[in-house]
Amino acid sequence: MGTRVLQGFLLLFPLLQPRGASAGSLHSPGLSECFQVNGADYRGHQNHTGPRGAGRPCLFWDQTQQHSYSSASDPQGRWGLGAHNFCRNPDGDVQPWCYVAETEEGIYWRYCDIPTCHMPGYLGCFVDSGAPPALSGPSGTSTKLTVQVCLRFCRMKGYQLAGVEAGYACFCGSESDLARGRLAPATDCDQICFGHPGQLCGGDGRLGIYEVSVGSCQGNWTAPQGVLYSPDFPDEYGPDRNCSWALGPPGAALELTFRLFELADPRDRLELRDAASGSLLRAFDGARPPPPGPLRLRAAALLLTFRSDARGHAQGFALTYRGLQDAAEDPAPAKGSAQTTAASPDGANASCSPRPGTPQAAMGARVFSTATAVSVLLLLLLSLLRLLRRRSCLLAPGKGPPALGPSRGSRRSWAVWYRRPRGMALPCPTGDSQAESPASSYRTLSASSQSSLRSLISAL
């Protein structure tokens with residue numbers, strides 16, 4: 001059992017192991033398919049209202065046009081609807097649901113009980129008989145209760161666990177309370193929070209229990225893997241938040257995967273820094289979200305800092321992390337991808353040239369032969385063009401005496417093509433045999449034309 005040692009003014013949060021089928025400790029993210037408290041991000045394949053085929057079968061979303069939500073109402077796939085009948089939460093309800101065949105009572109939809117869709121940090125639904133209470137610490141009630149309101153209350157009291165019950169009651173407790181607790185079916189915690197219509201706050205005689213570190217503003221995470229949430233999660237983060245967390249799992253490097261990322265604007269910013277050097281490794285904001293998929297950083301420990309401006313309000317982020325034993329640990333390259341050559345034993349740089357007799361060497365020989373043949377052809381073409389130029393250019397000095405003909409000496413000559421009405425001036429090499437006389441197949445220019453030509457060449 002590890003501990004979260006929060007430096008300086010930080011609190012002490014013991015690590016909790018997952019308990020029961022519906023448990024979702026912050027340090028077992030692989031057990032969860034959801035990272036939002038209401039399962040709006042669920043993209044799993046359960047297609048009955050109960051787990052493992054129990055309950056009623058769901059209708060296909062492309063066959064529910066008569067209702068408010070169907071695949072036609074989600075053309076971009078933002079809500080995960082499509083030509084399937086998997087449970088989803090397109091309207092931000094308290095948990096995933098689906099349409100079912102209408103009953104005689106007029107019921108045409110039901111919630112889905114999905115054991116794997118409980119955000120990490122939610123430990124499950126527990127029975128609270130009241131004597132003794134399931135959580136033995138302080139308690140209170142509020143008509144504005146949300147999950148984070150209860151978490152914040154118990155965090156300030158110095159407890160490790162927070163439980164919400166009946167939509168408006170909050171209880172605090174410790175890990176020892178869970179040793180005698182009894183898990184209840186997840187569907188028993190079905191009461192909507194008085195302060196948030198999209199969250200569940202336990203049920204009648206049922207406690208929904210969370211780790212208080214969910215949505216905390218600081219912490220020191222040292223478990224081999226885990227989940228880190230933005231401040232105030234699962235509520236929206238508030239304005240003027242300035243929070244920091246240290247990630248130091250065992251290993252030489254870190255892998256982060258952002259499961260959720262929603263910041264209000266570019267002024268709300270998350271920075272990732274090397275904890276040892278303080279150098280900035282990555283920075284993300286409302287206009288520059290993190291890339292999809294795993295993000296691997298060659299740092300043994302990270303310092304994450306989040307700041308929001310005076311108007312900041314958004315869902316925030318949820319990321320999973322794990323330590324890597326090897327700083328160079330990367331997925332195996334795909335077949336056919338280039339790989340770097342290994343260094344030579346004596347420490348010198350390995351040669352990039354293939355050895356004779358290898359397939360690479362044979363390929364290089366063929367390429368060289370082809371290039372040589374192409375070069376010969378180009379030379380032949382250039383020779384042909386030179387022959388043609390002998391019958392196509394009239395020479396005059398660029399800035400010499402006003403006379404047509406080849407230039408003598410170091411001055412530059414100009415070839416003027418006048419086969420067509422449009423003239424085109426091209427430089428000709430000095431002393432070229434083609435410049436000895438005008439092409440015989442062309443008529444001689446008149447005196448006025450020669451004068452105009454000299455003016456044109458002088459301008460060039």
CG of D128 to CG of L207, rounded to nearest 0.5 Å, is 4.5 Å

Does some side-chain heavy atom of S70 sit less than 4.5 Å from a side-chain heavy atom of L81?
-> no

Using the side chain to side chain contact (heavy atoms under 4.5 Å, CB included) rule, take F35 and L319 through it: C-alpha gap first, then chi angles, then the decisive distance, then the call.
-> CA-CA 9 Å; F35 290 84; L319 66 88; over 6 Å; no

Any chance you could measure C172, atom SG, to I209, atom CD1, to the nearest 0.5 Å?
-> 11.0 Å

Give the intermediate values and the outcome of side chain to side chain contact (heavy atoms under 4.5 Å, CB included) for residues V214 and M119.
-> CA-CA 10 Å; V214 172; M119 57 174 279; 3.7 Å; yes

N89 backbone acceptor or donor facing Y69 side chain under 3.5 Å | no

Applying the side-chain hydrogen bond (donor to acceptor under 3.5 Å, both in side chains) test to R155, which of Q148, E211, Q160 qualifies?
-> Q148

Once you find the SG atom in C217 and the one in C243, is the distance between them below 2.5 Å?
-> yes

Side chain T143, main chain Y168, donor-acceptor under 3.5 Å = no

Under 4.5 Å between any side-chain heavy atoms of D285 and D268, yes or no?
-> no

Around atom CZ of R180, are there more than 12 heavy atoms of other residues, nucleotides or ligands at under 6.0 Å?
-> yes

Which value, rounded to the nearest 0.5 Å, describes the distance between H48 atom NE2 and F86 atom CZ?
-> 11.5 Å

Decide yes or no on disulfide (SG to SG under 2.5 Å) for C117 and C34, but give the supporting numbers first.
-> CA-CA 5 Å; C117 186; C34 300; 1.8 Å; yes

Test log, rule side chain to side chain contact (heavy atoms under 4.5 Å, CB included), inputs R43 and R88 = CA-CA 7 Å; R43 295 297 182 268; R88 293 291 184 262; 3.9 Å; yes

Apply the side-chain hydrogen bond (donor to acceptor under 3.5 Å, both in side chains) test between Y111 and each candidate in D93, T49, T187; give the one that qualifies.
-> D93

Side-chain (Q218) to main-chain (W245) donor-acceptor, under 3.5 angstrom | no

Considering all heavy atoms, the nearest Q95-C112 contact | NE2-O, 3.1 Å

A184 to D188 - nearest heavy-atom pair and separation | CB-OD2, 3.9 Å

What about the rings of F306 and Y237, do their centers lie closer together than 6.0 Å?
-> yes

C150 and C170 SG atoms less than 2.5 angstrom apart | yes

Using only the SG atoms, establish whether C58 and C87 come within less than 2.5 Å of one another.
-> no

When you look at L302 and R273, which way does the side chain to side chain contact (heavy atoms under 4.5 Å, CB included) test go after all the steps?
-> CA-CA 6 Å; L302 289 179; R273 294 182 179 272; over 6 Å; no

Atom of P294, atom of T257 and distance for their closest heavy-atom approach = CA-OG1, 3.7 Å

Would the W61 and Y99 ring centres measure less than 6.0 Å apart?
-> yes

Are W97 and D91 close enough that a side-chain donor and a side-chain acceptor fall under 3.5 Å?
-> yes

Say whether, by atom type as modelled, one donor and one acceptor occur between the side chain of S308 and the main chain of D240 under 3.5 angstrom.
-> yes

Y229 side chain near P120 side chain, heavy-atom distance below 4.5 Å = yes

Quick one: are R288 and R282 in side-chain contact, heavy atoms under 4.5 Å?
-> no

Look at the side chain of H84 and the backbone N and O of G80, then say whether any donor-acceptor pair between them is shorter than 3.5 Å.
-> yes

Please name the pair of heavy atoms, one in A186 and one in D113, separated by the smallest distance, quoted to 0.1 Å.
-> CB-OD1, 3.7 Å

Flag, side chain of R296 to backbone of L254, donor-acceptor distance under 3.5 Å | no

Quick one: do F317 and F233 satisfy ring pair (Phe, Tyr, Trp, His ring centres under 6.0 Å)? Show the steps, please.
-> CA-CA 8 Å; F317 58 85; F233 200 92; 8.5 Å; no

Side chains of R259 and T320, donor plus acceptor under 3.5 Å = yes

F194 to A166 - nearest heavy-atom pair and separation | CE1-O, 4.1 Å

Does a sphere of radius 6.0 Å around CZ in F261 hold more than 12 heavy atoms from other residues, nucleotides or ligands, not counting ones at 6.0 Å or beyond?
-> yes

For the side chain of D177 and the backbone of S136, is there at least one donor-acceptor N/O pair under 3.5 Å apart?
-> yes

If we only count heavy atoms from C-beta on, is the P133 to S139 side-chain gap below 4.5 Å?
-> no

Find out whether V147 and Y122 are in side-chain contact, i.e. whether some heavy atom of one side chain is under 4.5 Å from a heavy atom of the other.
-> no

Spacing of SG belonging to C98 relative to CG belonging to N47, to within rounding of 0.5 Å | 8.5 Å

Please round to the nearest 0.5 Å and tell me the distance separating atom OG of S244 and atom CZ of R307.
-> 8.5 Å

Does a side chain donor of either D235 or Q199 reach within less than 3.5 Å of an acceptor in the other side chain?
-> yes

What distance separates L145 CG from E165 CD, expressed to the nearest 0.5 Å?
-> 11.0 Å

List the atom of I192, the atom of L200, and the distance in Å for their closest heavy-atom pair.
-> N-CD2, 4.1 Å

State, with a plain yes or no, whether a side-chain heavy atom of R267 is found less than 4.5 Å away from one of R311.
-> yes

Indicate, with yes or no, whether the SG-to-SG separation of C193 and C201 is under 2.5 Å.
-> yes

Any chance the rings of H67 and Y108 have centres within less than 6.0 Å?
-> yes

Test item: Q36 side-chain N/O and Y42 main-chain N/O as donor-acceptor pair under 3.5 Å | no

Electrostatic pair R241:D232 at N-O distance under 4.0 angstrom = yes

Are D204 and D190 side-chain neighbours, meaning at least one heavy-atom pair lies under 4.5 Å?
-> no

